[in-house]
Amino acid sequence: MVDRNYIIQKKLNAWFRNHGRHDLPWRTTFSPYEVLVSEFMLQQTTVATITPRFLIWMELFPTLEMLAQASEEAVLGAWQGLGYYSRARRLHLVAKTVVSNFQGKIPRDLDQLLALPGIGPYTAKALLAFAFDQPVEVLDTNIIRVIARLNNITEPIDTKRGHLLIKESARNILPPKNGRVFASALMDLGSMVCKSGEPLCDACPLSSECEAEEPSCLPLKQPRVAITKKKEQRAFYYRRNKIYLEKSQGPLWKGLWILPHCSSVQKPREIFSSITYPITRYRVTMELYRPSGSIPKSLHPFSILELKNIAIPSPHRKALETCFAK
DNA sequence: CTCCGGATAA
DNA sequence: TTATCCGGAG
């Protein structure tokens, strides 16, 4: 009997040559810096969202050295709207660390990568595979789904046991070399064919090798935490064509410009406007007031034009729009 | 509306 | 181990 892993690698390779996403902008040079930036952006964010933003980023910060030298303002501005802003600060810090500690060369060593901020098990392996072509298991959500179905793993994948099973199975089918193509192929298969929900098994090159009994039910996951409601009051200071914002001290939206919190002392009776937005496990209703008193010293004035060029989280941007619409 | 997704601090 | 961080797509 011919080795199952060998068949899987062969079929996957052939499928990838014909159907893979070879035009993704971070799949042209595979420079470690481009892989680094794309992988940070791809954490928790879709390919469609980051594709144009990746291109703009590379215009702004073409090299690791230029990113390392950039200001925090510029980096957060380039990340504006992508969410999870700690990724931007950590990516910035990685660039500075690599310049000062590794002569500007992103390390090829797993433990050195894991020691860098914002680089966890996934991103470290992704760098080894995509930048350095090493055959390692790259366990993003797409590949985890493919592995779970291929081997009919019915243990929930977000438990320690389940994740370990996935990891062992993924290591089992690794080729001896060409880790970049293998990881890319598995990832594209998961994203384009072995999709969450209803997979396109008729179009799958691995259907003969797949052991899934009910592929649409895999992988199993533990239930999510419930959504709870919250309320917050914020001030819309708009005087002499200037809008007054405060710099968030975090952890939420740290370093970004937000509408200032509105205390009961300065809060007028009338709600000026209100919006509701989801954030992690909350649904927040933001009530907006127009205080009449003096403007706190901690706030910074911006002209309407300037608002476009500073980092403002999406819900606050939306709140500003509804205020201006009145 | 609901679902989806890596790293980290606690 | 568990909760937190965000915005886009369906």
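Below, chain A is the first sequence line, B the second, and so on; all start at residue 1.
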Peer 1: Using a cut-off of 4.0 Å on non-hydrogen atoms, how would the nucleic acid contact of A:Arg87 be classed: base, sugar-phosphate, or nothing?
Peer 2: nothing

Peer 1: Given that A:Gln222 and A:Gln80 both sit by DNA chain C, which one's nearest nucleotide is further toward the 5' end?
Peer 2: A:Gln222

Peer 1: Do A:Phe324 and A:Phe236 have ring centres separated by under 6.0 Å?
Peer 2: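 Yes, ring centres under 6.0 Å apart.
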
Peer 1: With respect to the phosphate group of B:dG5, does any side-chain polar atom (N or O) of A:Lys221 fall under 4.0 Å of OP1 or OP2?
Peer 2: yes

Peer 1: Using side chain to side chain donor-acceptor pair (under 3.5 Å), reason through A:Gln43 and A:Thr123 one step at a time and then give a plain yes or no.
Peer 2: CA-CA 8 Å; A:Gln43 290 170 5; A:Thr123 308; 2.8 Å; yes

Peer 1: Are A:Phe130 and A:Trp26 close enough that their ring centers fall under 6.0 Å?
Peer 2: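 For A:Phe130 and A:Trp26, the ring centres are not under 6.0 Å apart.
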
Peer 1: Rounded to whole angstroms, how far apart are NZ on A:Lys229 and P on B:dC1?
Peer 2: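 Computing the A:Lys229:NZ to B:dC1:P distance gives 8 Å.
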
Peer 1: Looking for any heavy atom pair under 4.0 Å, which part of the strands does A:Thr123 touch: base, sugar-phosphate only, or nothing?
Peer 2: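 A:Thr123: backbone/sugar contact only, no base atoms under 4.0 Å.
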
Peer 1: Would you tell me if any nitrogen or oxygen in the side chain of A:Tyr277 comes within less than 4.0 Å of OP1 or OP2 on C:dC6?
Peer 2: no

Peer 1: Scan residues 158-173 of chain A against DNA chain B and write down, sorted by residue number, each residue with any heavy atom closer than 4.0 Å; if none is found, say none.
Peer 2: none

Peer 1: With sequence neighbours excluded, what pairs up with A:Arg234 under the side-chain hydrogen bond (donor to acceptor under 3.5 Å, both in side chains) test?
Peer 2: A:Glu232

Peer 1: Roughly how many Å is it from CZ in A:Arg145 to C1' in B:dC4, rounded to a whole number?
Peer 2: 10 Å

Peer 1: Identify whether any heavy atom of A:Gln43 sits under 4.0 Å from a base atom; if not, whether one sits that close to sugar-phosphate; answer base, sugar-phosphate or nothing.
Peer 2: sugar-phosphate

Peer 1: Sequence neighbours excluded, which residues qualify as side-chain hydrogen bond (donor to acceptor under 3.5 Å, both in side chains) partners of A:Asp140?
Peer 2: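 side-chain hydrogen bond (donor to acceptor under 3.5 Å, both in side chains) check on A:Asp140 returns A:Asn142.
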
Peer 1: For A:Glu59, is the CD atom crowded, meaning more than 12 foreign heavy atoms sit under 6.0 Å from it?
Peer 2: no

Peer 1: Measure from CG on A:Leu36 to C1' on B:dA7 and round the result to the nearest Å.
Peer 2: 14 Å

Peer 1: Between A:Leu127 (CG) and B:dA7 (P), how many Å, whole number?
Peer 2: 10 Å

Peer 1: Report the distance from atom CD1 of A:Ile227 to atom C1' of B:dC4, rounded to the nearest whole Å.
Peer 2: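 Rounded to the whole Å, the gap is 12 Å.
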
Peer 1: Look at A:Arg281 and C:dA3 and indicate whether a side-chain polar atom (N or O) is within less than 4.0 Å of OP1 or OP2.
Peer 2: no

Peer 1: For A:Arg283, which contact category applies under a 4.0 Å heavy-atom criterion: base, sugar-phosphate, or nothing?
Peer 2: base

Peer 1: At 4.0 Å (heavy atoms only), tell me whether A:Phe40 reaches a base, stays on the sugar-phosphate, or touches nothing.
Peer 2: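 If one applies the 4.0 Å heavy-atom cut-off, A:Phe40 turns out to touch nothing in the nucleic acid.
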
Peer 1: Please enumerate all protein N or O atoms sitting under 3.5 Å from an N or O of nucleotides 8-10 of chain B, with distances to 0.1 Å.
Peer 2:
residue : atom : partner  : partner atom : Å
B:dT8   : OP1  : A:Gly118 : N            : 2.4

Peer 1: Need one value for A:Tyr122: base, sugar-phosphate or nothing, where a base atom within 4.0 Å counts as base even if backbone is also close, heavy atoms only.
Peer 2: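 Sugar-phosphate contact only - A:Tyr122 comes under 4.0 Å of backbone atoms but never of a base.
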
Peer 1: Using a heavy-atom cut-off of under 4.0 Å over every strand shown, decide if A:Leu252 touches base, sugar-phosphate, or nothing.
Peer 2: sugar-phosphate

Peer 1: Under 4.0 Å: is that the gap between some side-chain N or O of A:Trp253 and OP1 or OP2 of C:dC6?
Peer 2: yes

Peer 1: Please list, chain by chain and in numerical order, all residues satisfying side-chain hydrogen bond (donor to acceptor under 3.5 Å, both in side chains) with A:Gln134, sequence neighbours excluded.
Peer 2: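 Partners of A:Gln134 by the side-chain hydrogen bond (donor to acceptor under 3.5 Å, both in side chains) criterion come out as none, since no residue qualifies.
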
Peer 1: Does a salt bridge link A:Glu73 with A:Lys247, judged by any charged N lying under 4.0 Å from a carboxylate O?
Peer 2: yes

Peer 1: Check step by step if side chain to side chain contact (heavy atoms under 4.5 Å, CB included) holds for A:Arg4 and A:Leu150.
Peer 2: CA-CA 11 Å; A:Arg4 175 175 181 254; A:Leu150 199 57; 3.7 Å; yes

Peer 1: In whole angstrom, give the distance that lies between atom CG of A:Leu82 and atom C1' of C:dC5.
Peer 2: 14 Å

Peer 1: Measure up the A:Tyr277 and A:His316 rings against each other and bin them: parallel (under 30°), tilted (30 to 60°), perpendicular (over 60°).
Peer 2: tilted

Peer 1: Rounded to the nearest Å, what distance is computed from the OH atom of residue A:Tyr85 to the C1' atom of nucleotide B:dG5?
Peer 2: 16 Å

Peer 1: Are side-chain heavy atoms of A:Thr28 and A:Glu34 found at a separation under 4.5 Å?
Peer 2: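 Contact flag for A:Thr28/A:Glu34 side chains = yes.
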
Peer 1: I need the CD-C1' distance between A:Gln44 and C:dG7, as an integer number of Å.
Peer 2: 11 Å

Peer 1: Same cluster for A:Tyr84 and A:Ile50 if Ile/Leu/Val/Met/Phe/Trp/Tyr side chains link at under 4.5 Å?
Peer 2: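 The answer is no; the residues belong to distinct hydrophobic clusters.
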
Peer 1: Side chains of A:Leu91 and A:Phe61, heavy atoms from C-beta outward: is any pair under 4.5 Å?
Peer 2: no

Peer 1: For nucleotides 8-10 of chain C, tabulate all protein N/O to nucleotide N/O atom pairs closer than 3.5 Å, reporting atom names and distance.
Peer 2:
residue : atom : partner : partner atom : Å
C:dG8   : O3'  : A:Thr49 : OG1          : 3.4

